[in-house]
Amino acid sequence: MAEAWDFLRTDKMPHIWCPGCGHGVMMNALLRTMAKLDVNKDDICVVSGIGCASRLPGYLDFNTLHTTHGRALAFATGIKLANPRLKVIVVSGDGDATAIGGNHLIHAARRNMDITLICMNNNIYGMTNGQYSPMTPTSMLATTAPYGNLERNFDLCKLVEGCGANYVARATAAHPRNISQYIEYALTHKGFQFVEVMTQCPTYYGRRNKLGGPVEMINSLKQNTILNTAAAKLPPEKLEGKIQIGEFVKKEELTYLDRFDAMVDRITGGVKP
Amino acid sequence: MADRLRLMQGNEACALAAAMAGVRFFAGYPITPSTEIAEQMSEMLPKLGGKFIQMEDEIASMAAIVGASLAGMKSMTATSGPGFSLKQENIGFATFTEVPCVVVNVQRTGPSTGLPTNTAQGDMMQAKYGSHGDIPAIALYPSTVPEIFDMTIKAINISEMLRQPVILLMDEIIAHMREKILVPTQEEVDKMLVSRPKPAKGIDKYLPYDASMSDVPPLAAYGEGYRFHVTGLYHDATGFPTSKPAEVDAKIRRIHRKVNNVVDDITFLRYDQMDDAEYAIVSCGSTARSARRAVVLAREKGIKVGSLQLKTIWPFPEAKVSEVCSKVKKVIVPEMNMGQMVHEVERVAKGRCKVVPYNRVDGEPLTPEEILETLAKEVAW
Ligand SMILES: Cc1ncc(C[n+]2csc(CCOP(=O)(O)OP(=O)(O)O)c2C)c(N)n1
Ligand code: SF4
Ligand SMILES: [Mg+2]
């Protein structure tokens, strides 16, 4: 039985992340899932853009690609279409996926492209030292929002659901088992599979907003979230300020590749080119 | 034979050549005057075991072809000025990470949305300097429909041979014109094809940027069992990030050297009546057609003029242009821009002959008569 460790490029350690960064929790959960699924490393391709989160593929012993800021899903689309046998996973930060890469996100989801996207949402641009992102909640501080963020943030899961993804789920770095469970589902199903993982950036988001260190931030991720199935039983006033985690969409609609294959059959009369 | 002799549009010839040369992945975003290439590819590729996708923009199209190429497919995209600008960051990425692909840019009148969609040659410098950092650019530029077919295959071959993007420049005139072409058979095309260098079978450790044997390291495909890493950060032979000054220096110099090493092999020119010429017209694309006609008209008047058509724009054919500059009194450089290639000609002329720009920038074709008039003035002067 494989272990998480087996999927690491240990010679590439130490990693670049700050002590207490939440991205590592996601990586750990991802690798445990890989071990559980006993995947063949050669069949996995992990693609990222730019940012702290996007440095993750370099540490994984798979086919790995570290692209340009925001564009990972577009590169991944090319990879998946050229070699559908590959299981293509995109890992990104919140800025990478929702700001500069927002257009690619909505279209990859709309196409129901056969890709798994894991977005590590730390509510900030970590790599560039703490500017606000489309995921920074209103009023929170950032280096470019010294008087508080004026903008509203996305509900990312609702966005991706609206775009038509087959699977949408959210977990946090305080819920590693949920991360693993959702990634396992994503990796074993077709179409656009989306998992948002809320992570802590103690270095910039935490410090600037006086949220304490990694421990305090993990605790607040625990306290401020509620499982969607539990939330469904509560009155709205009890849900104020709470972020829902859980699985929001589980569909098995036709994927881009399903439709492509059907089209090829139709135009070639089933004779494989 | 009869069905191989066709009246074909330039864009159509480009798409057909790409398909026959084994391009199996095309990603694009509609923009006149390049769109027919995407339309043709969308029709052909699914029947050939390939894939076509219309992406959400040109940035994504460029990204997708790089991804597909890394997964082992010969890949191409096509666009025009506004889209070419959007592709630049990822063209730089592909050049730096050494991923073969072909980017067609059918030039239209800029800047900005400009004159949709009249002709122009305004992107000559962008083809070389469009992306940030110091990238070694390769750009080819045909002038007829048969040349488009031929140069499309050459662009694909060069990109595979050198592991780097190749820009195929066109302009609205040649992309949309229809001309006679004898389409080669698939067997004839197959004989011309070059494939990217691949790692030897059964090696222990594959290093995607190991240049110890050649300046063009072998390129495996994702999924073949090598599990390599590709990044736009400076990287060493293993493909992983480095900031060691010696490795940084070696990487950037090597990607330039690999192009410089083969300049002669990738320089394509056409000479018309240059043997006894006292004057030369140096041009490219549809302007070269007018230049050839101007030569005929001028010769009728007894002016000893010839034409040099640059089919390779970048790397600039310095040696060959220099040779011409040492032989003639004056060189006319007609262009449908404010003067771009003329600076390159001036640079290599080094004052040995007079270099005369002629620029047409109203979106209309640059005619033989204008070139003749410019030439006649210079002869009389
Ligand atoms: C085109 C481009 N614009 C800007 C940048 C600078 N940049 C690098 S990382 C980054 C933000 C990353 O934030 P996020 O995606 O949230 O990842 P994190 O670092 O928080 O994990 C930015 C703006 C860049 N590399 N490329
Ligand atoms: S800056 Fe923030 S996101 Fe980046 S590694 Fe440090 S803690 Fe993590
Ligand atoms: Mg972030």
field: Which atoms of A:L81 approach chain B - backbone, side chain, both or neither, heavy atom under 4.5 Å
entry: both
message: Using 0.5 Å steps for rounding, measure from the CG atom of B:D57 to the NE2 atom of A:H104.
response: 5.0 Å
task: Report the option among A:F75, A:F62, A:Y256 that has the most heavy-atom pairs separated by less than 4.5 Å from atoms of chain B.
output: A:F75
- request: Report, as yes or no, whether the 6.0 Å neighbourhood of atom NZ on A:K158 holds more than 12 heavy atoms from other residues, nucleotides or ligands.
  value: no
query: Given a strict heavy-atom distance threshold of 4.5 Å, which part of B:F52 is in contact with chain A: side chain, backbone, both, or neither?
result: backbone
query: To the nearest 0.5 Å, what is the distance between OG1 (A:T77) and CZ (B:F25)?
result: 8.0 Å
message: Heavy-atom cut-off 4.5 Å, strictly under: side chain, backbone, both or neither for A:L257 against chain B?
response: side chain
field: Members of residues 228-242 of chain B whose heavy atoms come closer than 4.5 Å to chain A
entry: B:F228, B:H229, B:V230, B:T231, B:G232, B:L233, B:T238, B:F240, B:P241
query: In terms of heavy-atom contacts, does CD of B:E188 have more than 12 from other residues, nucleotides or ligands at under 6.0 Å?
result: yes
field: When A:R55, A:K80, A:R85 are compared by non-hydrogen pairs under 4.5 Å with chain B, the top option
entry: A:R55
- line: When the 4.5 angstrom heavy-atom criterion is applied to B:Y222 and chain A, the contacting part is both
field: Least distance between heavy atoms, A:F260 atom then B:G50 atom
entry: CZ-O, 3.3 Å
task: Using non-hydrogen atoms and a 4.5 Å limit, figure out which bit of B:L70 sits close to chain A: side chain, backbone, both or neither.
output: side chain
- request: Step by step, work out the side chain to side chain contact (heavy atoms under 4.5 Å, CB included) result for B:K47 and A:V264.
  value: CA-CA 7 Å; B:K47 295 181 186 164; A:V264 171; over 6 Å; no
statement: Taking every heavy atom of B:E56 against every heavy atom of A:R111, the minimum-distance pair comes out as OE1-NH2, 2.7 Å
message: If you compare all heavy atoms of B:N90 against all heavy atoms of A:R71, which two are closest, and at what distance to 0.1 Å?
response: ND2-CG, 4.1 Å
message: Which residues in residues 78-88 of chain B have any heavy atom closer than 4.5 Å to a heavy atom of chain A?
response: none
- line: Shortest non-hydrogen pair, A:N83 vs B:A71, comes out as CB-CB, 4.2 Å
task: Kindly check if the number of other-residue, nucleotide or ligand heavy atoms within 6.0 Å of OH (A:Y125) is above 12?
output: yes
message: I need the residue from B:S69, B:S61, B:A64 with the largest number of non-hydrogen atom pairs under 4.5 Å to chain A.
response: B:A64
statement: Residue from B:M73, B:M55, B:E89 scoring the most non-hydrogen pairs under 4.5 Å with chain A is B:M55
- request: Please check if atom NZ in A:K12 has more than 12 non-hydrogen atoms from other residues, nucleotides or ligands closer than 6.0 Å.
  value: yes
A:D61 versus chain B, the contacting section by heavy-atom distance below 4.5 Å: both
Under 3.5 Å donor-acceptor, B:R227 side chain and A:N63 backbone: no
